[in-house]
Structures are given as C-alpha cells and as structure tokens.
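Quick note: numbers below take in every heavy atom, side chains included, and nothing from hydrogens, waters or symmetry partners. Residues: numbered from 1 along the sequence shown.
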Amino acid sequence: MTCARTARALVPVVLATAALAVAAACSDSTPSGPGPKTRTYQMGFSNFPPAPDTMLLRRSVLMWIQRADAAILHLDVPWAALLAGARADSLVHADVMPIVQSYALAHLDLAIETDVTNGVNRTAEAPALVALGRSITEDTVQKLYAAYVAALDTIAQPSFLGLASETNLIRLAGPPGVYAAIVKMTNAAVTNHNRFTGAFYLYVSVQVEVAWGRLGGSNTFVGIDRDRADFPFITALGLSSYPYLGGFTDPAQIPSDYFSRLRGDPVLPVLITEGGWSSANIGTIHSSPALQAAWIRRASEIAENARALAWFQLSFTDINLPAVGLPADDPQLVPFVTIGLVDTALVPKPALTEWDSVFALPIDPLIPS
C-alpha cells in the first residue's frame, strides 16, 4: 500500500529501539501454567503504521512487537529503480536489510512477499510500471524481477519467500497476458534457489474467497489446482483472506476447513500472509468491533485446523488515509482501512484481546519437511 511505502524509511530505527525495549517482555510471553491447548503457527504483523509519523510509528511498533513471534514484509518490486539501472543487490542492502536486521534483533521470524501487480487493484499492473509505460509481459522487466528475487533470497534469507500475491485473483481479473507472465517469471526466478542458503519455504499466495468461488464465481468451491500446476516450485502456500468481502456476514458462518481444504493432495503447508475483518461498516457490508473480534477467534481455529505455519494479520493499526495523502473515501482502500486491531490513535479494539489470548498459547510448531 502507498502508506507503507511512505513510512518505510522510518521503520528500521524505530524497530531497533523497540526491539531492545521489549526483549525482556517478549521472553516472558508464554504462560507458565499447564494447559493442553497449543498453536502450530507463528503470529505477527506487517510494518504498516497508521500514518507517516515517527512517534506514532514508534508507539505502534512497541505495541505489536510484544504480541508477535514473526513479521512479514509485503514488498513492491522497485521497478523504477531497477529500470533506471540500479543493482538489485544494492537495493536490497539499502532498502530491505535495515528492516530485516531490526526484526532479527527482535527475534522475529521473517516472511517476505513480493507483489508484482497492483496490490489493491488486481485488474491493473503495478503503478510504478504503469507510470513508466512498461509491463511485466516484457522480457527485460521479467529479468529484472528475477534478479531482485534472487537478491532477496540470498541476502535477506527469510524463512518464507513469496514470489507473487493472489495469483488466482490475478488470473481471474488481471489484464490479458499478465498471469502468463507471472508464471514464466516466477518459475525462472527460482532456478538457482538453494533452501540452505536462501529461504526455507518458497510460496505464492492465493485469494481464499476466490478459491471458494465467493468472489467472481458461482459460490462453488474452485480450489487451487491450476496454481499448484503453474507454480510447481512452491513448498508452501500463502493464503489471503478477507471473508467479509466474500459475502460472510458472521465469522461463525465460515466452514472449519476454510483454510485446510486448500492444502490439497499431496498436502502443502500453508501460512496466512494477509487478511482480516473490518471493524466498521463498508457501504452495504455490515460489521462491528464485536464481529471483528469474533473473526480473530474463528481465524485461530481454522488456522489450527489447517496446521498453519504462520498467521499474519496484515495491519496492526487502522490506516488514516488523509494523513498519507489519499482521499478518505478511496474506493480501493476503504474496505481495508479498519482491519487493524487498534485504531489510528492506537486505542485497542476488542479484537486485540482475542489476538492476545491466542498469542499466549504455547507454540508447538510443525517440524519443517
């Protein structure tokens, strides 16, 4: 999102100081009393702040870092810089590694996901490419992407590396030729991947509501067989899920196998790479803080049913669109501005209490295979 790019330069210093401040608190986050219930998945957030304000960012990081054992970076490919001749490794060292090192200081496991189209409008390509009159259907652009992914893989070395976002939604709604280009460039990008010197898991993410036929479909389960066939290199599957946009009016309506059914056969491990539930009404979609809290409870259950590796609540805070220079009624962003567990002033919502209760469970992670 635009707000994340605006604030990115502020993040490393804030994260480093926050990590030092909460290191002791993080080490005591697991309850000492006995209890049969555990979670398989790590939990965490992205670095989206409510506004590009240093003090507000510092306070939000101090809040979320204490209730996370992992973090995710959703990165736009730096198309303009790459096309201008910048080296991919230099860009990763300058723009990505300060944040990666800060997360490491906080003992957070890391996922990095590259988004190769427009993250809030899957009918369009990345704004930076559109502005330059370029496209990922071009061979030159695809090679620049492959170089950037290789640099992320070998320099940042995240536990999870996502090569594309919401592939099934792009196939459904994207411009002609774009999906085919994504298939070609991602498969080419992983040719030299080594899990011992790079990311342990490679994935693409799929949109769960599309896979269940609830967006642009007939409300009949579609699945992700096509994605598995087109991206045979994946060793995990990312899930993007906003059920309130798929017609669910209450989290209790969501089936228990909502995530697990997408693991397929043979089974792929899954991680929830983005998602949430609005705490406010969005046009004709009714919601409330109570429904959002209910979603956190339900999401923890269906993630456990799927034996998920990680669960990332995309945004810890709500987003103040005017503060980042965007209209308050931006139709592409409004559905997502109130999915935070705290509001733009960092006042907790009921959903934060639910998150904390899940995070307090002892973690019993799956053994990597």
Side-chain angles (χ1 to χ4, degrees), residues 30-31 35-45 67-70 72 109 111 113 159-160 162 166 168 201 203-215 217 219-225 227-228 234-277 290-314 339 341 351-369:
T30 300
K37 192 169 183 181
T38 60
R39 55 183 168 97
T40 62
Y41 45 83
Q42 296 174 310
M43 299 172 66
F45 303 91
R67 39 183 54 91
D69 37 38
I72 189 167
D109 209 359
E113 182 170 323
S159 295
F160 308 92
E166 299 186 322
N168 57 345
Y201 290 102
Y203 73 91
V204 299
S205 78
V206 297
Q207 217 294 320
V208 177
E209 284 68 54
V210 171
W212 278 83
R214 302 189 69 91
L215 283 178
N219 206 24
T220 301
F221 184 79
V222 177
I224 50 110
D225 288 348
D227 303 86
R228 290 188 65 150
I234 62 174
T235 53
L237 180 69
L239 304 179
S240 166
S241 181
Y242 301 89
Y244 61 100
L245 298 178
F248 290 106
T249 58
D250 190 312
Q253 300 167 344
I254 301 172
S256 297
D257 63 348
Y258 198 56
F259 295 161
S260 62
R261 191 172 178 183
L262 299 181
R263 298 175 72 194
D265 183 21
V267 168
L268 271 175
V270 298
L271 61 155
I272 298 89
T273 58
E274 63 174 291
W277 194 289
L291 282 172
Q292 183 191 41
W295 160 248
I296 295 296
R297 289 193 301 272
R298 187 60 178 152
S300 71
E301 296 167 353
I302 60 178
E304 191 65 36
N305 288 344
R307 304 290 288 165
L309 297 168
W311 172 22
F312 295 106
Q313 165 76 20
L314 181 63
I339 64 171
L341 306 187
L352 184 63
T353 300
E354 297 296 337
W355 177 275
D356 287 347
S357 68
V358 179
F359 183 70
L361 296 173
I363 187 169
D364 183 20
L366 300 177
I367 299 173
S369 57

**Student:** Flag the pair Tyr203 / Thr273 as yes when at least one side-chain heavy-atom distance between them is below 4.5 Å, and no otherwise.
**Tutor:**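 Yes, at least one pair of side-chain atoms sits under 4.5 Å.
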**Student:** For the residue pair Ile296 and Ala351, what are the closest heavy atoms and their distance?
**Tutor:**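 That would be CG1-CB, 3.9 Å.
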**Student:** Would you give the length of the straight line joining atom CD1 of Ile302 to atom CG of Leu239, rounded to the nearest 0.5 angstrom?
**Tutor:**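 Here the interatomic distance stands at 9.0 Å.
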**Student:** Considering residues at least two apart in sequence or located in another chain, which fulfil the ring pair (Phe, Tyr, Trp, His ring centres under 6.0 Å) criterion with Phe160?
**Tutor:**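 Partners of Phe160 by the ring pair (Phe, Tyr, Trp, His ring centres under 6.0 Å) criterion, ordered by chain and then number, come out as Tyr201.
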**Student:** To the nearest 0.5 Å, what is the distance between CD1 on Ile72 and CG on Leu314?
**Tutor:**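 One gets 7.5 Å once the value is rounded to the nearest 0.5 Å.
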**Student:** With a 4.5 Å heavy-atom cut-off, do Thr38 and Ile363 have their side chains touching?
**Tutor:**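 In short, these two side chains do not touch, never coming nearer than 4.5 Å.
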**Student:** Can you sort out the partners of Thr235 under side-chain hydrogen bond (donor to acceptor under 3.5 Å, both in side chains), two or more places apart, ordered by chain and number?
**Tutor:**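 By the side-chain hydrogen bond (donor to acceptor under 3.5 Å, both in side chains) rule, Thr235 matches no residue at all.
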**Student:** Take Gln207 and Tyr242 through the test side chain to side chain donor-acceptor pair (under 3.5 Å) and record every step on the way to the result.
**Tutor:** CA-CA 9 Å; Gln207 217 294 320; Tyr242 301 89; over 6 Å; no
**Student:** What pairs with Asp69 under side-chain hydrogen bond (donor to acceptor under 3.5 Å, both in side chains), at least two apart in sequence or on another chain?
**Tutor:**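 Scan of Asp69 (side-chain hydrogen bond (donor to acceptor under 3.5 Å, both in side chains), adjacent residues dropped) gives Arg39.
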**Student:** So, using salt bridge (charged side-chain N to carboxylate O under 4.0 Å, His left out) as the criterion, who are the partners of Arg298 when residues are at least two apart?
**Tutor:**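 Salt bridge (charged side-chain N to carboxylate O under 4.0 Å, His left out) list for Arg298, sorted by chain: Glu301.
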**Student:** If you measure from CD1 on Ile339 to CD on Gln292, what distance do you get to the nearest 0.5 Å?
**Tutor:**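 Going from the CD1 atom of Ile339 to the CD atom of Gln292 covers 8.5 Å.
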**Student:** With the side chain counted from C-beta on, respond yes when Asn168 and Val222 share a heavy-atom pair under 4.5 Å apart, and no when they do not.
**Tutor:**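 No. Closest side-chain heavy atoms not under 4.5 Å.
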**Student:** Any donor and acceptor pair, going by atom type alone, linking the side chain of Ser205 with main-chain N or O of Glu166 inside 3.5 Å?
**Tutor:**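 Between the backbone of Glu166 and the side chain of Ser205 there is a qualifying donor-acceptor contact (under 3.5 Å).
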**Student:** How long is the gap from CD on Glu113 to OG on Ser240, to the nearest 0.5 Å?
**Tutor:**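 Glu113 atom CD to Ser240 atom OG measures 8.0 Å (nearest 0.5 Å).
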**Student:** Taking the side chain as every heavy atom from C-beta outward, state whether Tyr41 and Ile272 have any atom pair closer than 4.5 Å.
**Tutor:**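 Tyr41 does not reach Ile272 side chain to side chain.
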**Student:** Output all residues satisfying side-chain hydrogen bond (donor to acceptor under 3.5 Å, both in side chains) with Gln313, sequence neighbours left out; order by chain, then residue number.
**Tutor:**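 So Gln313 forms no side-chain hydrogen bond (donor to acceptor under 3.5 Å, both in side chains) with any residue.
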**Student:** Any side-chain heavy atom of Asn305 sitting closer than 4.5 Å to one from Phe259?
**Tutor:**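 No. Closest side-chain heavy atoms not under 4.5 Å.
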**Student:** If we ignore hydrogens and angles and just use 3.5 Å, is the side chain of Thr40 paired with the main-chain N or O of Ala308 as donor and acceptor?
**Tutor:**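 Checking the backbone N and O of Ala308 against the side chain of Thr40, a donor-acceptor pair under 3.5 Å is found.
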**Student:** Which atom names give the shortest non-hydrogen contact between Gly44 and Ala68, and what distance separates them?
**Tutor:**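 What the structure gives for the nearest pair is CA-CB, 3.8 Å.
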**Student:** For Asp265, give me all partners under side-chain hydrogen bond (donor to acceptor under 3.5 Å, both in side chains), at least two apart in sequence or on another chain.
**Tutor:**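 Asp265 satisfies side-chain hydrogen bond (donor to acceptor under 3.5 Å, both in side chains) with no other residue.
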**Student:** With side chains defined as the heavy atoms from C-beta onward, is the minimum distance between Phe312 and Leu271 less than 4.5 Å?
**Tutor:**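 A side-chain contact exists here, since the closest heavy-atom pair is under 4.5 Å.
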**Student:** Might you point out which heavy atoms bring Pro243 and Gly276 nearest each other, and give the distance in Å?
**Tutor:**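 Taking every non-hydrogen atom into account, CD-O, 3.7 Å.
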**Student:** Quick check for you: to the nearest 0.5 Å, what is the distance between Trp311 atom CH2 and Ser241 atom OG?
**Tutor:**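 Reported to 0.5 Å precision, the distance equals 11.0 Å.
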**Student:** Going by salt bridge (charged side-chain N to carboxylate O under 4.0 Å, His left out), name the residues that satisfy it together with Glu209, two or more places apart in sequence or in a different chain.
**Tutor:**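 Applying salt bridge (charged side-chain N to carboxylate O under 4.0 Å, His left out) to Glu209 gives none.
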**Student:** Compare every heavy atom of Leu268 with every heavy atom of Ala236, then report the nearest pair and how far apart it is.
**Tutor:**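 Looking at all heavy atoms of both residues, the closest pair is N-CD2, 4.0 Å.
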**Student:** Do Leu291 and Pro251 come close enough that some side-chain heavy atom pair is under 4.5 Å?
**Tutor:**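 With C-beta onward as the side chain, the pair touches.
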**Student:** Side chains of Arg263 and Leu237: does their closest heavy-atom pair fall under 4.5 Å?
**Tutor:**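 Not touching, per the 4.5 Å side-chain cut-off.
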**Student:** To the nearest 0.5 angstrom, please state how far the CG atom of Leu361 sits from the OG atom of Ser300.
**Tutor:**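 One finds 8.0 Å between CG of Leu361 and OG of Ser300.
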**Student:** Considering residues at least two apart in sequence or located in another chain, which fulfil the ring pair (Phe, Tyr, Trp, His ring centres under 6.0 Å) criterion with Tyr258?
**Tutor:**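 In terms of ring pair (Phe, Tyr, Trp, His ring centres under 6.0 Å), with neighbours along the sequence ignored, Tyr258 is linked to Trp212, Phe248.
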**Student:** Among residues at least two apart in sequence or on other chains, which ones pass salt bridge (charged side-chain N to carboxylate O under 4.0 Å, His left out) with Asp227?
**Tutor:**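 Once residues adjacent in sequence are excluded, the partners of Asp227 under the salt bridge (charged side-chain N to carboxylate O under 4.0 Å, His left out) criterion are Arg171.
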**Student:** If the condition is salt bridge (charged side-chain N to carboxylate O under 4.0 Å, His left out), which residues does Asp356 pass it with, not counting sequence neighbours?
**Tutor:**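 Scan of Asp356 (salt bridge (charged side-chain N to carboxylate O under 4.0 Å, His left out), adjacent residues dropped) gives Arg67.
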